[in-house]
Amino acid sequence: METSLTDYLEILNPAQREAVTVPEGNLLVLAGAGSGKTRVIVHRIAWLISHQLMVAYSVLAVTFTNKAACEMKSRLSELLGREADGMWVGTFHGLSHRLLRLHWQEAQLPESFQVIDGDDQLQVIRRLFKTLGVNEDRFDAKKVQGYINRKKDEGIRANQLLSAENPYEKVQQEVYLQYEKICTESGLADFAELLLRSYELLKNNPELLTHYQARFSHVLVDEFQDTNAIQYQWLLLLAGQAKSVTVVGDDDQSIYGWRGAKIENIRRFEREFKGTRLIRLEQNYRSTSTILAAANALISHNGSRFGKTLWTEGEQGDPITIYAGFNEEDEALYVVRAIREWLNQSGTADEIGILYRSNAQSRVLEEALVRAGISYSIYGGLRFFERAEIKDALAYLRLVVNVADNTSFERVINVPPRGIGDRSLEKITELAAEHHCSYWEAAKKAIELRVVSGKIETSLRGFVSLIENLCVAVPSDSLTQLIDVVIRNSGLLRYFREQEGEKAQNRAENLEELINAANDFEAEYPVEDNLSPLTAFLSYTSLEAGERKNGTGDAAVQLMTLHSAKGLEFPLVFICGLEDGLFPHHFSRENPSALEEERRLCYVGVTRARKKLYLTYAEKRRVFGRDEDRHPSRFLREFPEHLIQEVHRKVSVSVRTPFVGSAGMSGSGADGSNEGYRLGQRVVHPKFGEGTVVDHEGSGERTRVHVQFDVYGSKWLALAYARLEPA
DNA sequence: GTGTAGGTGGTTTTT
DNA sequence: CCACCTACAC
């Protein structure tokens, strides 16, 4: 590694080099998209260590996503030439979790506390609605969930709230209060709790705080614009006085305001962290000047910016293409055509990113890609550890770790069905309330007291002994063995196996995959911080819900939301669905600051592109199964015209409306004659076999259609001569 | 208590 | 358009 650091410094530009080599003190790096943000953090750590200004042990590096944390770790070990021993690198949530595991007593948590994700949290709230008798027509559990998380993100506990006069607010407060109680009793911590609790841990334990303040002499934060109130407080607390805190961020890429992120934190940092030095990184190494100019023009429509103009020495490149699809399927077909073109010009599929505002948009795009035989992979939708059957299996394990976990108890008591229905569960919960004990204890009492009928008693006994046996096995069996036992002895695996249908079989396979996941986990995650493998695994499944990737092959087109695209780049980028109401999303219609966030999201999307950018929208879109007229997004009008090339489709076509006359021919199509061909229609040709209509041109006798044949590839055929028939 | 047929109501983004 | 939920029949 002796070659390295001087050489590495040379590839940095002056501003980057300055940021990397500022010796001590607080540093704010305002870094535009593609200007080498992460690189600065990583190099700064390496530089400080190599100049013996600090040791790895005193580094705390925080990121926002797991993806980013992994990236940082691997770049660090590459640069340092070894594993970054003793460094704390991770997400806010991950690091908070680690603190809480190490100091669970001081944090007033049970040793076996469990991390729950948003879904679990919602379940707890729903059940609370029932026990509190909250009117579910007037109160939305999701809204209350949002309320609770918002409060926690602001660092406010239920008992710190002033009691509200507004009856609506009052109910929310009450649910919050009871929710906290349940979490305490059952040993559960949601995501926001991790942050708040670890903040309180440090705040309330001066000697711990002093220890960590002394230890982490250097704190570095990536994507600082995404920090929320409690994360900021956490940093401020941990940094203490006169420390060396480096934060890197871009106010123009703040896209998590809805989750409590505060851009103002950047200004606050400058004010509240003494002697902060400000460095701007404005040179972009990623995009063509055209793309960059478009991005700059777009973002200039936002007020209240820090002010920063990205520039590049890169070439001008192609203009940005805007395509107006007839409907969303036409839009997708256009994307496919453009991808083909890219591939034909010796581009590869993994150079392509298709971005959209909401996950729901992915399906039509996927279908078009499948039909075109282009391999793709998707980030989004259900992650592995979020699947219902997986959560079922994990709930058994959670119950084993902590029998007082009523939520998990409720989840699995009758999954798979074992004859313990609503009525029996009700009896158990009543017993639990009566004896102030957990559902688990109540279930055993129910057997003793014979409050359930014989048949149910038998199943209940079976359930109890299942869990007890597992409890016995925990210390001796490996994680992999445990899970194997759970899915077999609980009957879960058999339950899905015996069901008809692909879905059920998939679920069975997922359960088996869970065994592999546990196996991998055991191999890759050596027990750290003396956590039991089982607890570590369960936390891992909540905190990092697993790869969001599913789809085909390696060299694949990547589909994802604009949010998950942050931090990535692609030579070729499509942003789809640039329509009023979709992007910007109608939720942000009335709220100017929400609209600005949408614009930043668009800015993020645009700046993902290196060489070529396509922006598409549809004039009609199916929403809730209804065709709706749509209008182009206002953002499209904010790009300077000279950077844009608008592509118009040749004819008004629709997948649902026929576009050309039938085999009889003479039909002009103008009268909407029915038996014509449609885009996307399956057809059959005597010689080429079956295929799909993907395009057409001309009219009347000169109509030609472009057919993608399953076997013979794509061909243009004159409709008048080709003996084409609907398949 | 369990399973299925219909109706219903709901789409932002994520640690 | 879909996944979820309620209402019924077993």
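Lettering of chains follows the sequences in order, A, B, ..., and the numbering in each one begins at 1. Just so it is clear, the model here is predicted, and its values are computed rather than measured.
Atoms CZ (A:Phe191) and C1' (B:dT15) sit 5 Å apart, rounded to a whole Å. One can place CG of A:Asp120 at 14 Å from C1' of B:dT15, the figure rounded to the nearest angstrom. Here the C1' atom of nucleotide B:dT14 and the CG atom of A:Asn359 are 10 Å apart, to the nearest Å. In this structure, A:Lys142 atom NZ and B:dG9 atom C1' are separated by 11 Å, rounded to whole Å. B:dT15 atom C1' lies 13 Å from atom NE2 of A:His563, rounded to whole Å. At whole-Å resolution of the value, CZ in A:Phe64 and C1' in B:dT14 are 8 Å apart. Distance, A:Arg600 CZ to B:dT13 C1': 13 Å, rounded to whole Å. Between A:Asn149 atom CG and B:dT15 atom C1' there is a gap of 10 Å when expressed in whole angstrom units.
Within 4.0 Å (heavy atoms only), A:Tyr256 reaches sugar-phosphate atoms of the nucleic acid but no base atom. Contacts of A:Arg423 with the nucleic acid, taken as non-hydrogen atoms under 4.0 Å apart, involve only primed sugar atoms and P, OP1 or OP2. Nucleic acid contact for A:Arg418: sugar-phosphate only, since backbone atoms but no base atoms lie under 4.0 Å from a heavy atom of the residue. Nucleic acid contact class of A:Ser542 (heavy atoms, under 4.0 Å, all strands): none.
Comparing B:dT13 with C:dC4, their C1' atoms are spaced 22 Å from each other, to the whole Å. With both ends at atom C1', the span from B:dT12 to C:dC5 equals 24 Å, rounded to whole Å.
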For residues 416-423 of chain A, tabulate all N or O donor-acceptor pairs below 3.5 Å that involve a side-chain atom, not counting sequence neighbours.
unit_1	atom_1	unit_2	atom_2	d
A:Arg418	NH1	A:Val412	O	2.9
A:Arg418	NH1	A:Ile413	O	2.8
A:Arg418	NH2	A:Tyr396	OH	2.8

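Contacts of A:Asn265 classified as side-chain hydrogen bond (donor to acceptor under 3.5 Å, both in side chains), with partners at least two apart in sequence or in another chain: A:Thr227.
The listed nucleotides are B:dG1, B:dT11, B:dT14; the one nearest the side chain of A:Ser424 is B:dG1. For A:Arg259, whose side chain is taken as the heavy atoms from C-beta onward, the closest listed nucleotide among B:dT12, B:dG3, B:dT15 is B:dT15. The side chain of A:Phe624 approaches B:dG10 more closely than any other nucleotide in the set B:dG10, B:dT15, B:dT2. The A:Ile456 side chain lies nearest to B:dG1 when the options are B:dT15, B:dT13, B:dG1. Comparing atom distances between the A:Phe587 side chain and each of B:dT13, B:dT12, B:dT15 picks out B:dT12 as nearest. Taking the side chain of A:Ala360 as heavy atoms from C-beta on, and the options B:dT11, B:dT2, B:dT13, the nearest nucleotide is B:dT11.
For B:dT14, one of the phosphate oxygens OP1 or OP2 lies less than 4.0 angstrom from a side-chain nitrogen or oxygen of A:Thr561. Remark: A:Thr65 is not in phosphate contact with B:dT14, judged by side-chain N or O atoms under 4.0 Å from OP1 or OP2.
Each of A:Asn414 and A:Leu601 has a nearest nucleotide on DNA chain B; the 5'-most of these lies closest to A:Asn414. Projected onto DNA chain B by closest heavy-atom contact, A:Val623 and A:Leu195 fall at different nucleotides, the more 5' of which corresponds to A:Val623.
Between A:Arg461 and A:Glu457 a salt bridge is recorded (basic side-chain N to carboxylate O distance below 4.0 Å). A:Lys37 has no carboxylate O lying under 4.0 Å from a charged side-chain N of A:Glu223, or vice versa, which leaves the two without a salt bridge.
Cation-pi geometry between A:Lys566 and A:Tyr256 is not met at under 6.0 angstrom from the ring centre and within 45 degrees of the axis. The cationic group of A:Arg101 lies under 6.0 Å from the six-membered ring centre of A:Phe113 and within 45° of the ring axis, placing it in a cation-pi geometry.
Here A:Tyr199 and A:Tyr232 keep their ring centres 6.0 angstrom or further from each other.
Judged by distance alone, the side chains of A:Ser633 and A:Glu579 never bring a donor and an acceptor atom under 3.5 Å apart.
Once you apply a 4.0 Å limit to the heavy atoms of chain A, the touched nucleotides of DNA chain C run 5' to 3' over C:dC1 to C:dC2.
Between A:Phe521 and A:Tyr540, the angle of the ring planes lies from 30° to 60°, which puts this pair in the tilted group.
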